[in-house]
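Some notes on the structure that comes next.
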2 protein chains.
Amino acid sequence: MDTIEGKFRDYLKAKGLKFTPERELILETMFSFHGHFDIEQLYDKLHKKNHLLSMATIYRTLPYLINSGLIKEVFRCQNRPQYEKNFGLPHHDHLICVRCGRIIEFKEEEIERLQERVCKRFGFKTVEHRLGIRGYCKNCLQKIKNS
Amino acid sequence: MDTIEGKFRDYLKAKGLKFTPERELILETMFSFHGHFDIEQLYDKLHKKNHLLSMATIYRTLPYLINSGLIKEVFRCQNRPQYEKNFGLPHHDHLICVRCGRIIEFKEEEIERLQERVCKRFGFKTVEHRLGIRGYCKNCLQKIKNS
DNA sequence: TTCTTATTGCGACTAATTCTCAATTGCAAT
DNA sequence: ATTGCAATTGAGAATTAGTCGCAATAAGAA
């Protein structure tokens, strides 16, 4: 199957797990976010639509979505992990402003290539990689200078 | 001051903070680890040497060590952050085996250079950056193949 | 030596995540 | 269709990492 739901169904079946309405809703709602989201935002969005599933179900479903490669954890903010869909979008990394929390996404093919070269050197097979750069964004640097 | 302790004393003094025996022990013990460590390992090592300081003191001291640039958080394992000394050692990144937990350190100057170029493009000033690649190490790939 | 202010340990607290369990439900085999 | 079993669910209890408040203590500047 080529659709997102199809991929999830395939993954679950291969593990002897079930495709339930709850799992369908979680998948659908996660993919309705444009950028990254955390568990609380997901929970709120589900409940606003009167989909009253429990936190436990969300937490139990999350690893399946991550292991199936459909969702990935991208970084942490205030010690809360942020997730993002991992399908149809090209891979990108993040600049994270430690002052205002702004997130800048960027893509640098050459870095990806060099990473693959490193992995080859060690006979390592990548599942997932993450590059996060913390620092001060342009705006905040300006504000710091003016104070 | 050029020593590690000297740097820490300077940092504390500049902030109007005190250099206490507890902080000295924490610094010393952190630097006695060869690779990375987590808070629990640090606590155990201190207590085995009969240095009975409390978790609260460790947690309170940690940010000073990180902000002074002597220690850095390098990655998370089982949702626990791992720390590492950040002095005298060149910067490096990590391959993390998701099967056996093995950590491989590597250094790739070219990646560092490209990162700086990206930051310049966005007018971003780096405080800290981290690249972690999760996947399967050589050994585990072999074992998977043979099973 | 004195005095101010930061620091300490302790235990209570918080918030995120995981677990337990009884009731329910997908779905493969009849 | 029906059945049976293993996976799943929600609710709330339990766990865990990390933080906080407080009274007693101790750095270190004057």
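Letters A, B, ... mirror the listed sequences (proteins, then strands); counts begin at 1.
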Just by protein heavy atoms under 4.0 Å, how would nucleotides 17-26 of chain C read 5' to 3' in B, S and -?
SBBB-----B
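Nearer to the 5' terminus of DNA chain C, by closest-nucleotide assignment, is the contact made by G16(B) (compared with the other of L52(B) and G16(B)).
Side chains of T126(B) and E116(B): a donor-acceptor N/O pair is present below 3.5 angstrom, by distance only.
The CZ-C1' distance, from R9(B) to dA29(D), rounds to 15 Å in whole Å. One interatomic measurement links the two molecules: CG of L17(A) to C1' of dA28(C), which rounds to 15 Å at whole-angstrom precision. For E24(B) and dT7(C), the CD to P distance is 15 Å, given to the nearest whole Å. Taking atom CG of L62(B) as the reference point, atom P of dT8(C) lies 13 Å away to the nearest angstrom. For E40(A) and dA16(C), the CD to C1' distance is 10 Å, given to the nearest whole Å. What separates CD of E73(B) from C1' of dA17(D) is a distance of 13 Å, to the nearest Å. One can place CG of L12(B) at 15 Å from C1' of dT8(C), the figure rounded to the nearest angstrom. In this entry the distance linking CG of L42(B) with P of dG18(D) reads 12 Å, nearest Å.
With sequence neighbours excluded, no residue forms a salt bridge (Lys or Arg N to Asp or Glu O under 4.0 Å) with R80(A).
Dashed line: the shortest gap from a side-chain N or O of R23(A) to OP1 or OP2 of dA7(D) is not under 4.0 Å.
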Distance-only donor-acceptor hits, side chain of residues 106-113 of chain A, under 3.5 Å, sequence neighbours excluded:
unit_1, atom_1, unit_2, atom_2, d
K107(A), NZ, E109(A), OE2, 2.9
E108(A), OE2, R117(B), NH2, 3.0
E110(A), OE1, R113(A), NE, 3.1
E110(A), OE1, R113(A), NH2, 2.7
E112(A), OE1, H129(A), NE2, 3.2

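A salt bridge (charged side-chain N to carboxylate O under 4.0 Å, His left out) check over residues 51-78 of chain B, counting only residues at least two apart or in different chains, returns the pairs E73(B)-R76(B), E73(B)-R130(B). Screening residues 10-33 of chain A for ring pair (Phe, Tyr, Trp, His ring centres under 6.0 Å), with sequence neighbours left out, gives F33(A)-F37(A). For residues 51-73 of chain B, there are no ring pair (Phe, Tyr, Trp, His ring centres under 6.0 Å) pairs, not counting sequence neighbours.
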